Amino acid sequence: MIESLPRREREVFETLCRLETGTAAGVRGALSDPLSDSAVRTMLSRLEAKGLVERTAGPDGFLYSPVQRTETVAAGALKRMIDTFFAGSAASAATALLGLGQRLTPEEAAALEQAIDKAVTGAGARKP
């Protein structure tokens with residue numbers, strides 16, 4: 001469903017996912033290429049009509065939040081990125097991410113090792 005959204009609607013939706021909840025003004029301010037206030041409100045209304053966003057009354061106006069869990073949206077966005085830029089290769093994407101030069105914490109390294117083992121063996125345990 002998210003893949004079929006027009007580019008700017010998808011950008012508004014992904015920005016809201018990053019924020020987890022926000023007003024139209026908050027979403028607008030977080031966009032890399034801001035739209036007019038009315039355009040953001042219109043897109044949030046469209047996303048609400050499509051069942052992707054919910055709206056609740058807040059002290060500073062309406063608060064918007066994604067209906068889907070952020071992890072679900074992130075997984076879909078990551079899959080699209082891997083398909084688009086890495087010819088579907090998760091290994092190539094992971095290698096590129098690790099090549100960015102950021103150091104991993106010991107916890108991140110351990111989690112990455114477990115994920116690799118699980119992907120290779122199909123189980124959560126490490127091979128002896």
Side-chain angles (χ1 to χ4, degrees):
M1 172 78 170
I2 296 162
E3 300 82 27
S4 64
L5 292 174
R7 181 183 67 85
R8 293 303 292 217
E9 275 185 37
R10 189 173 58 245
E11 182 182 0
V12 167
F13 180 72
E14 289 174 351
T15 299
L16 183 59
C17 287
R18 248 190 343 272
L19 297 174
E20 295 183 2
T21 187
T23 62
V27 171
R28 180 176 181 240
L31 291 170
S32 59
D33 183 19
L35 297 165
S36 70
D37 185 56
S38 63
V40 171
R41 290 180 191 281
T42 298
M43 288 189 198
L44 287 167
S45 293
R46 288 180 188 163
L47 292 167
E48 183 181 11
K50 293 175 182 179
L52 295 170
V53 168
E54 63 185 8
R55 176 179 63 165
T56 56
D60 297 324
F62 289 115
L63 288 175
Y64 296 89
S65 57
V67 172
Q68 292 184 326
R69 294 186 54 202
T70 303
E71 296 84 11
T72 304
V73 175
L78 186 56
K79 179 165 179 12
R80 283 192 308 279
M81 183 190 71
I82 290 169
D83 288 345
T84 301
F85 297 105
F86 299 97
S89 170
S92 293
T95 301
L97 286 171
L98 291 172
L100 293 176
Q102 296 179 357
R103 288 183 117 23
L104 297 176
T105 65
E107 294 81 13
E108 290 172 324
L112 190 54
E113 286 177 14
Q114 286 180 349
I116 291 169
D117 286 346
K118 185 176 181 180
V120 170
T121 65
R126 293 184 57 93
K127 288 184 185 178

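For clarity, every value in this text was computed on a predicted model and none was experimentally measured.
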Point to revise | Test log, rule side-chain contact (heavy atoms from CB on, under 4.5 Å), inputs Gln102 and Glu108 | key: CA-CA 11 Å; Gln102 296 179 357; Glu108 290 172 324; over 6 Å; no
Exercise for review: Kindly determine whether Met81 and Leu78 satisfy side-chain contact (heavy atoms from CB on, under 4.5 Å), including the steps that lead there.
Suggested key: CA-CA 5 Å; Met81 183 190 71; Leu78 186 56; 3.4 Å; yes
Practice item. I would like to know whether Leu98 and Leu112 meet side-chain contact (heavy atoms from CB on, under 4.5 Å); could you show each step before the answer? Key: CA-CA 11 Å; Leu98 291 172; Leu112 190 54; 4.1 Å; yes
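The CZ atom of Arg46 sits 12.5 Å away from atom CZ of Arg8, with the distance rounded to the nearest 0.5 Å. Distance CD/Glu9 to OG1/Thr42: 10.0 Å, rounded to 0.5 Å. To the nearest 0.5 Å, atoms CG (Leu35) and CG (Asp37) are separated by 10.0 Å. Lys79 NZ to Ile82 CD1: the interatomic distance, rounded to the nearest 0.5 Å, is 8.0 Å. Interatomic distance, OH of Tyr64 versus CD of Glu48, reported as 6.5 Å (0.5 Å rounding).
Nearest heavy atom pair, residue Ala96 against residue Phe86, reads CB-CE2, 3.6 Å. Here the closest non-hydrogen pair linking Val12 and Val27 is CG1-CG1, 4.0 Å. Considering all non-hydrogen atoms of both residues, Arg28 and Ser36 come closest at NE-C, 3.6 Å.
When each of Leu44, Val40, Leu52 is tested with Leu16 by the rule side-chain contact (heavy atoms from CB on, under 4.5 Å), just one qualifies, namely Leu44.
There is a path of hydrophobic side-chain contacts, each under 4.5 Å, that joins Leu5 to Met43. When the side chains of ILVMFWY residues are joined at heavy-atom separations under 4.5 Å, either directly or via intervening members, Phe13 and Leu31 end up in a single hydrophobic cluster. By the rule that hydrophobic residues join a cluster once side-chain heavy atoms approach within less than 4.5 Å of another member, Leu19 and Leu63 end up as members of separate clusters.
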